[in-house]
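Everything on this sheet refers to the single structure shown next.
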Amino acid sequence: MNLSTQSNNSGGLFAFLIKYNTIFIFIALVILSACISDVFFTSINLSNLLKQVSGIGIISIGMLLVILTGGIDLSVGSLLALLAVLFAIFVNTLVLPAAILLTILIGFVIGSISGYLVTAQKVAPFIATLAIMTIARGLGFMYSKGAPVVFETDGGAFMTNFGNGSFLGIPNIAYLFLLVAIIAQVMLSYNVFGRLLIAIGSNEQAARLSGVKVDRYKFLVYAISGALVGLAAIVGASRTNLGSPNMGMGLELDAIAAVVIGGASLNGGKGSAINTLMGVLILGLIGNILNLLNVPSYPQQVIKGVIIILAVLLQRFESK
Amino acid sequence: MNTPNNIYRVEMRNISKSFGIVPVLKDVNLKVKPGEIHAVLGENGAGKSTLMKILCGVHAKDSGSILLDQQIISPKNPHDSQQLGISIVYQELSLVNELSVAENIYLHQLSTHKFWINWEQINQDAKALIQSLGFDIPSTKKIKELSPVQKQVVEIAKALSQDTKVLILDEPTTVFDPKDTQKLFDNLIRLKEQGISIIYISHHLEEIFKIADSITILKDGAVNGSMPVEDIDIDGVIQLMIGRELKELYPKREPTTNSESLLEVANLSAADTIVEDISFSIKAGEVLGIAGLGGSGRTETAKLLFGADRKKSGSILLNGKNITTSSPVAAVKQGIGFVSEDRKEEGVFLNLSIKENISLTNLKAISNKLGFISLKKEQEKVQELINKLNIKANSQEMLVRDLSGGNQQKVALAKWLGRDGKIIIIDEPTRGVDVGAKVEIYELINQLSSNGIGVIVISSDMPEIMGISDRIMVLKEGQLQGILTKENFSEENILRLAIGEYMI
């Protein structure tokens, strides 16, 4: 008797729990958090939690698209810093709409460079985006001269208000994250674009021989990832009233972790935006509850790592 | 070998096995004598592979017993069974691409023995072993540089590299051309004369009657007959395998009456492969076969035409108009479809559903201008194709990896049938497909051609290519040797062209 036969026999509930494990982990964590700390269910805490995860959430959705095609984007953390710095500079020098559009556009263009390297030059995604990561971090320090660039204009004040404001008790930027996740999920479930990403990640050669424009879509996901980093940079800078070249250190790993906790396969071809959203919330929740319990930051990292391993092992059950 | 009739090398008694609640083997008995080639036959899903995997310790049996030389054994993993002298050559190759031929052959010993490895010795041993099989493959070459045939040879050498009493071959000849198959058979007969028991799984019934001594036939997980090969003929075997009489393996087809060419290929040469100066034409509704030995450039010609390989020169006319197929995307746009011989790597998406597989090439027809897919249209279109091809599945959502080989191949074909194609290229249409599904695929090819589609079929299976083609074009070393018309079809004529002047 092996394990898989036993789990098949033990009926519906277990299978059900396994299938929707991301959601259940999330719910379990919420309940656990509420039991452990009475501060958890206060609106200030929840609002803070959502604000903290929104930026990385937007980035994780871009990361998901890249991972679906079987690639990876290591540049997102550094790119966030560069684009936040640039956004702060633009806010202080240009009209606000131009600053916003330009930031997202530059993100798109830099993402396109990764995409170009991966598709036209056949550079491994890990290497291509590692190089862009270094370049972006360097540029961030160069443009900011090593110091944070603070918003100084009315436009900047408007963005700071937006970044810290709420609507119906929910932070504005959380709506932005939710919107991005929903659009991504709709594209993945109902649009040709999503179908093709999944096909490419599932079997690139078969997709090519089915007449799919593989390179075009692979190029696009890196560009979109870059553009979403631009959006996240605007969100991040607006929350803090500045753009700092130190932002987003190691953020790429958190984004990858969120996507993986959300059940996506790093081999590509499997993943959903809603589950990635759950993954982002789970990571955020863990950090939040550990903070509430006054756990120091080093043990926090250990606990986070263990949770990632557990989440991935749980998904192994699912695929059996 | 002079052994009493009732002494067996391997006895599998009353083996039963279920996966979850699905029984795959029911009370199966298999008895193999020393120095015997024993064929295990059955349709896909009959339980052959599971039975073999139990014998090698990959799967655990639920009940029953296994005896090797009258001793009860219970191998718990492939390593156990290897130690006992049971080796298997898998249908799906189990070689490490980045390692050399010699390293692969002796991989199982490398880790166990010494700290220092005598590479020279290992390379020489590997070379000698492969030469004893009648092949010549440099033992320092990496596996990824080998042809499929060479890989299979290495796989067999690996199985023989230790003291083997029982050799299990699961569809060993699917990648072999007739010449290599003959070499393999010579080897098997030699091994058998040394007293090794060989269990042989194949869908090629002609092969079985050439080399097997006994046959055991499985149907739906139970033994449906076991006898010496003299006591039965091909028709009898088919009847036991599928439980009904199969009248026509190759359905009758009317040759097309069209006289104009649908596709004209002139002086096509490849930039990166051996294909050179190939010219042929195909009429609407015609089935053109491409034959040749392994490495003759059949698949490469198809891939060149389809734009998967780069062209050097040559022209392609479709309906009298010059077209360029610089990439698969361009070829598909022109109405050309391609079903790869390598189903798992290039044909289907194993981890996606039947629905996602089939609709991938038809997305335009089922989506609006913004690319949003009509799930209703998709469902209908896919169901239509599932019915048309008689794909056996519980639902459209079933993953393709859970289907049998025959049904996977039907999914690979279905991808192209939903479109208004003009040309379809099918590379090895029935590799690893059972008899019942074979006939259905042949019928489908007939149906396609009667709809005016030009069908190009590549096959290593001689009876098959003669049974389904209107004309056969034979290649050798990337060059066109000749095109045979139906009245000149014979294995001898094809081989003569395929091998060149060395054949009488």
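We name chains A, B, ... by the order of the sequence lines, and we start the count at 1 in each one.
- Residues A/Gly211 and B/Val329 approach most closely at O-CG2, 3.6 Å, considering heavy atoms.
- Proximity to chain A is limited to the backbone of B/Leu370, based on heavy atoms less than 4.5 angstrom apart.
- The CG atom of A/Leu209 sits 12.0 Å away from the OG1 atom of B/Thr361 when rounded to the nearest 0.5 Å.
- Between B/Leu352 and A/Ala199, the shortest heavy-atom contact is CD1-CA, 4.0 Å.
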Test side chain to side chain contact (heavy atoms under 4.5 Å, CB included) on B/Glu356 and A/Ser202 and set out the steps. CA-CA 11 Å; B/Glu356 288 167 312; A/Ser202 178; over 6 Å; no
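- Closest heavy-atom contact between A/Gln205 and B/Glu345: CB-O, 3.9 Å.
- In this view, B/Lys364 satisfies the salt bridge (charged side-chain N to carboxylate O under 4.0 Å, His left out) rule with no residue, not counting sequence neighbours.
- For the options A/Ser210, A/Ala207, A/Gly194, heavy-atom pairs under 4.5 Å to chain B are most numerous at A/Ser210.
- Using a distance-only test at 3.5 Å, with no hydrogens or angles considered, no donor-acceptor pair links the side chain of A/Asn203 to the main chain of B/Phe349.
- Heavy-atom distances place both the backbone and the side chain of A/Val212 under 4.5 Å from chain B.
- Going from atom CG of B/Asn368 over to atom CG of A/Asn191 covers 8.0 Å, rounded to the nearest 0.5 Å.
- Between A/Val192 and B/Ser367, the shortest heavy-atom distance links the atoms CG2-OG, 3.6 Å.
- Counted within 6.0 Å of NZ on B/Lys376, heavy atoms from surrounding residues, nucleotides or ligands total 12 or fewer; the atom is thus considered open.
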Applying side chain to side chain contact (heavy atoms under 4.5 Å, CB included) to B/Asn351 and A/Lys270, what does each step give before you reach the verdict? CA-CA 9 Å; B/Asn351 291 323; A/Lys270 179 171 172 267; over 6 Å; no
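- Nearest heavy-atom pair across A/Arg195 and B/Ser359 is NH1-OG, 3.4 Å.
- Neither the backbone nor the side chain of B/Val339 comes within contact range of chain A; no heavy atoms are under 4.5 Å apart.
- Within the 4.5 angstrom heavy-atom criterion, only side-chain atoms of B/Phe306, from C-beta onward, approach chain A.
- Per-residue heavy-atom pair counts under 4.5 Å with chain B were compared for A/Ala206, A/Ser265, A/Gly269, and the maximum is reached by A/Ala206.
- Within a 6.0 Å sphere centred on OH of A/Tyr190, heavy atoms belonging to other residues, nucleotides or ligands number 12 at most.
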